[in-house]
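Here's the structure we're looking at; comments come further down.
Since we're looking at a predicted model, the values are computed, not measured. Just so we're on the same page: letters track the sequence lines, and every chain starts at 1. Because only heavy atoms are used, hydrogens play no part in the values below, and waters and symmetry mates are left out as well, while side chains stay in.
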2 protein chains.
Amino acid sequence: MSDVQRSGCPINLTLEVVGDKWSLLIIRDLMFGNRRHYRELLGGSEEGISSNILADRLKTLLAAGIISREDDPSHKQKGIYSLTERGIELLPILAQMAGWGYKYLPVSEELGIRAKLLMDGGPRMWAEFMDELREIHLGVKKRRKAGPSVGERLQAAYQKIVAANKARTSNA
Amino acid sequence: MSDVQRSGCPINLTLEVVGDKWSLLIIRDLMFGNRRHYRELLGGSEEGISSNILADRLKTLLAAGIISREDDPSHKQKGIYSLTERGIELLPILAQMAGWGYKYLPVSEELGIRAKLLMDGGPRMWAEFMDELREIHLGVKKRRKAGPSVGERLQAAYQKIVAANKARTSNA
DNA sequence: CAAACTGCTTGCAAAACGAAAGCAGTTAGA
DNA sequence: TCTAACTGCTTTCGTTTTGCAAGCAGTTTG
């Protein structure tokens, strides 16, 4: 993570901040996985990030103003990581990446369902989800819509597939 | 560039293919810079990619089916690199990255103008530009719209700023 | 009072990166 | 016809990044 700037191109600058193999996965887990503590981020995802890499990326993301950190009142050593507004606004990038990967790469059924829902929902759904993230991470009050939130819908769809697949394999 | 798969998550899989500091810049140059030959890609952009890295990334992108390569009839050693359909469909990711970078990072005026136009144009403009890319890179005939193409408009806006800034500095 | 858990650091080997030079062939100009 | 410039890369080698494993000081739980 050097701080040498290669060019003033917006795509290049964005890549210099989040253009590595881990940063966006950490943000994904903050967004979709409800992981807010170091240990949750460390062990929660399937990819298995190393502790030193995670620590380094969290520093970088903090320095870039994409996440923030505050102490957890319930435990003197715990920190709570939150997305900032600019972190939340990375959602469309993640959504487009998810959509492209879903379309062209060998995505697992379980992990692909959220991508599909986000694609089908389009920018309108993304905006609603970003509002929910603002409520969760920034404490911004949101006027509640009727029915389950986007986050809940994504989670429910994921759980449904997991349950269905578990039933299938245990029956076989 | 190992071929170990970390997880079946669509975002992760996408990052495994284009989640490094150079691949998306190469694609950017193919899309917006009209660079189609190795030497053009090597020297054209401000970032200055090394020849070995460029060669490696071109191989990776070829293997991933994001670009294709054919011989240039005008020169026995030249190859012409083109975007495939799945390469062209990376545009929304680049556009979102450009938009985010434009909003939050110290983008230069000259290199930021395209990002701004793409943001303002939105998905509709992206779709039109993708159609133009299909014509250029895939040879797909496009029904011509009236007026300049998206590519031409982006280029013109960029040139205008370059000219304006050149005039300013030479007058100073 | 011990065991488990907290965020994170350290050591070290392996892999990736990147600048520079080089190379076999091709082409353009004199 | 000879040469200089150009073609798409490859090779070499020093530096940086990655990533596994272990460790650590402090905190909380039972």
> Which atoms form the tightest heavy-atom contact between A:H137 and A:L83, and what is the distance?
Replying inline: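 Closest heavy-atom pair between A:H137 and A:L83: ND1-N, 2.9 Å.
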
> Does A:K59 come within less than 4.0 Å of A:D56, counting only side-chain N to carboxylate O?
Replying inline: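 Looking at A:D56 together with A:K59, the answer is no, because their closest N to O distance does not fall below 4.0 Å.
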
To the nearest Å, how far apart are [X] [atom1] and [N] [atom2]?
X	N	atom1	atom2	value
A:Y81	C:dG7	OH	P	8 Å
A:K78	C:dT6	NZ	P	6 Å
B:L58	D:dG8	CG	P	10 Å
A:I49	D:dA21	CD1	C1'	16 Å
A:W22	C:dA16	CH2	P	14 Å
B:N52	D:dG8	CG	C1'	13 Å
A:H37	C:dC8	NE2	P	11 Å
A:H75	D:dA25	NE2	P	17 Å

> Under 6.0 Å from the six-membered ring centre of B:Y81 and within 45° of its axis: does the NZ or CZ of B:R36 meet both?
Replying inline: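 No - B:R36 does not lie over the ring of B:Y81 by the 6.0 Å and 45° rule.
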
Of the listed nucleotides ([options]), which one gets closest to any side-chain atom of [X]?
X	options	answer
B:K76	C:dT6, D:dC9, C:dT27	C:dT27
B:R57	C:dT27, C:dC17, C:dA21	C:dC17
A:S51	D:dT28, C:dA19, D:dA22	D:dA22

> So, does the side chain of B:Q77 form a donor-acceptor pair with the base of C:dT26 at under 3.5 Å?
Replying inline: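 Not at all, since no donor on one side and acceptor on the other fall under 3.5 Å apart.
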
> Can you find a donor-acceptor N/O pair under 3.5 angstrom joining the side chain of A:S50 to the base of D:dT18?
Replying inline: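 Donor-acceptor pair under 3.5 Å: no.
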
> Which comes earlier along DNA chain C counting from the 5' end, the contact point of B:R39 or that of B:I53, where each point is its nearest nucleotide?
Replying inline: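 Nearer the 5' end of the strand: B:I53.
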
> What is the distance from atom CG of A:D29 to atom CD of A:E46, rounded to the nearest 0.5 Å?
Replying inline: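 If we round to the nearest 0.5 Å, A:D29:CG and A:E46:CD are 10.5 Å apart.
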
> Can you hop from A:I80 to A:L138 via hydrophobic side chains spaced under 4.5 Å?
Replying inline: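 Shared cluster, no.
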
